[in-house]
Amino acid sequence: MIIAVDGPTASGKGTIAKQLAEHYGLKRLDTGSLYRAVGLAVLDAGANPDDEAAAVAAARALDLAAIDETRIRSSAAGLAASRVAVIPAVRAVMREAQRAFAADPAGAVLDGRDIGTVICPDATVKLFVTASLAERTRRRLAELRARGETISFAELERQIAERDQRDANRKDSPLRQAVGAHLLDTTSLSIEAAAEAAFALVDAALSSPKA
């Protein structure tokens with residue numbers, strides 16, 4: 001069973017994917033972390049995230065086991081991620097790694113921005129998780145402040161809106177709701193309620209004749 005979970009920044013897709021993996025006993029891959037790690041590696045090397053050669057080199061050298069989950073959650077890593085993610089050659093390297101992960105016969109949950117549309121178009125169940133821009137900004141602001149980062153709500157909202165636009169308008173694998181994906185708006189839902197809603201959508205999909 002493959003469950004594809006897509007959605008924009010801070011929509012709750014990562015948390016929902018983690019809950020789904022635990023609930024159904026599947027392994028999980030946060031594909032956004034791969035791009036964050038590549039973006040951070042480019043920054044660490046003193047290069048520009050828009051530099052294709054530097055970004056592709058970082059993508060090819062990426063070690064999934066060595067990703068620093070704390071450092072990749074910074075706002076700088078997030079912005080760099082959205083810039084390296086528009087480079088087709090980088091996406092080609094990442095696409096291969098993601099499909100290899102999803103090919104495990106045991107099944108998996110993958111979350112990102114093009115899982116249901118490009119990486120696993122034949123996924124057993126597809127979800128598209130979203131929330132209002134204001135709510136997504138509030139969530140990410142709380143996360144960044146807990147990390148000790150200082151940024152205003154207005155500036156963060158601008159950054160997220162900019163990233164949304166970049167993700168939705170890139171030529172290679174733009175962010176969009178996949179055909180057949182179930183929409184889950186988490187704007188007014190708690191983590192627990194969002195997870196329960198996701199379980200219900202997956203269970204309903206699995207019980208349908210098409211599943």
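Val38 and Ile87 end up in the same hydrophobic cluster when Ile, Leu, Val, Met, Phe, Trp and Tyr side chains are linked at under 4.5 Å. Residue Val125 is grouped with residue Leu26 when hydrophobic side chains (ILVMFWY) are merged at heavy-atom distances under 4.5 angstrom, including chains of intermediate members. Residues Ile67 and Val84 are members of one and the same hydrophobic cluster, defined by side-chain heavy-atom contacts under 4.5 angstrom among Ile, Leu, Val, Met, Phe, Trp and Tyr. Tyr24 and Leu127 fall within a single hydrophobic cluster, where Ile, Leu, Val, Met, Phe, Trp and Tyr are joined by side-chain heavy atoms under 4.5 Å apart, directly or via other members. One hydrophobic cluster, built from ILVMFWY side chains closer than 4.5 Å, cannot hold both Val129 and Ile119; they sit in different ones.
Annotation: ring-ring contact (aromatic ring centres under 6.0 Å, His included) contacts of Phe199 (sequence neighbours excluded): His23. Listed by chain and number, the residues in a side-chain contact (heavy atoms from CB on, under 4.5 Å) with Ala81 are Tyr35, Arg36, Arg163 (sequence neighbours excluded). Applying the side-chain contact (heavy atoms from CB on, under 4.5 Å) criterion to Ala45, with sequence neighbours excluded, gives no partner residue. Residues passing the side-chain contact (heavy atoms from CB on, under 4.5 Å) test with Ile151 are Leu141, Leu144, Glu155, Leu156, Gln159, sequence neighbours excluded. By the side chain to side chain donor-acceptor pair (under 3.5 Å) test, Ser11 pairs with no residue at all, sequence neighbours left out. Contacts of Asp167 classified as side chain to side chain donor-acceptor pair (under 3.5 Å), with partners at least two apart in sequence or in another chain: Arg113, Arg170. Legend: residues meeting side chain to side chain donor-acceptor pair (under 3.5 Å) with Arg28, ordered by chain and number and at least two apart, are Asp111. Here Asp164 pairs with Pro8, Leu133, Arg136, Ile160 under the side-chain contact (heavy atoms from CB on, under 4.5 Å) rule; sequence neighbours left out. Not a single side chain to side chain donor-acceptor pair (under 3.5 Å) links Asp68 to another residue, sequence neighbours left out.
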Let's go through Ile2 and Asp122 carefully: what are the C-alpha distance in whole Å and the side-chain angles of both, what is the deciding distance for side-chain contact (heavy atoms from CB on, under 4.5 Å) to 0.1 Å, and is it a yes or a no? CA-CA 8 Å; Ile2 301 296; Asp122 297 322; over 6 Å; no

Check step by step if side-chain contact (heavy atoms from CB on, under 4.5 Å) holds for Glu157 and Ser152. CA-CA 8 Å; Glu157 185 175 50; Ser152 69; over 6 Å; no

Using side-chain contact (heavy atoms from CB on, under 4.5 Å), reason through Val109 and Val5 one step at a time and then give a plain yes or no. CA-CA 7 Å; Val109 177; Val5 185; 4.2 Å; yes

Decide side-chain contact (heavy atoms from CB on, under 4.5 Å) for Leu62 and Met94; before the verdict, give the C-alpha distance in whole Å, the side-chain angles of both, and the deciding distance to 0.1 Å. CA-CA 9 Å; Leu62 182 64; Met94 294 294 97; 4.1 Å; yes

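Rounding to the nearest 0.5 angstrom, the gap separating the CG atom in Leu20 from the CG atom in Leu110 is 12.0 Å. A distance of 7.0 Å separates CZ of Arg73 from CD of Glu143, quoted to the nearest 0.5 Å. From Asp30, atom CG reaches atom CG of Leu64 across 11.0 Å, with rounding to the nearest 0.5 Å. Atom CG of Leu40 sits about 4.0 Å away from atom CZ of Arg71, to the nearest 0.5 Å.
In terms of heavy-atom proximity, Pro49 sits nearest to Ala55 at O-CB, 4.3 Å. In this structure, Ser190 and Ala193 approach most closely via the heavy-atom pair OG-N, 3.1 Å. Residues Pro121 and Val118 come closest through the heavy atom pair CD-O, 3.3 Å. Taking both residues in full, the closest heavy atoms of Lys126 and Gly116 are given as NZ-O, 3.3 Å, listed atom of the first, atom of the second, then distance. Listed here is the closest heavy atom pair of Val90 and Ala59: CG1-CB, 4.2 Å.
Side-chain contact check for Arg138 versus Glu135: some heavy-atom pair is nearer than 4.5 Å. You'll find the side chain of Ile115 stays beyond 4.5 Å of the side chain of Ile3, heavy atoms only. Inter-residue side-chain proximity for Glu196 and Leu189 is flagged as unmet; no heavy-atom pair is nearer than 4.5 Å. For the pair Val202 and Leu206, the minimum side-chain heavy-atom distance is below 4.5 Å.
Applying the side-chain hydrogen bond (donor to acceptor under 3.5 Å, both in side chains) test to every pair with at least one member in residues 45-61, sequence neighbours left out, gives these pairs: Asn48-Arg83, Asp50-Arg83. Within the structure, salt bridge (Lys or Arg N to Asp or Glu O under 4.0 Å) pairs that include any residue of residues 93-102 comprise Arg95-Asp172 (at least two apart or interchain).
Between Arg166 and Glu162, at least one side-chain nitrogen of the basic residue sits less than 4.0 Å from a carboxylate oxygen of the acidic one, meeting the salt-bridge criterion.
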Return all side-chain donor-acceptor pairs below 3.5 angstrom for residues 175-185, not counting sequence neighbours, or 'none' if the list is empty.
unit_1: Gln177; atom_1: NE2; unit_2: Ala181; atom_2: O; d: 3.0
unit_1: Asp185; atom_1: OD1; unit_2: Thr187; atom_2: N; d: 2.9
unit_1: Asp185; atom_1: OD1; unit_2: Thr187; atom_2: OG1; d: 2.6

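At a cut-off of 3.5 Å, with distance as the only test, a side-chain donor of Arg139 or Thr186 sits close to an acceptor on the other residue.
One N or O on the side chain of Asp6 and one on the backbone of Asp114 form a donor-acceptor pair closer than 3.5 Å.
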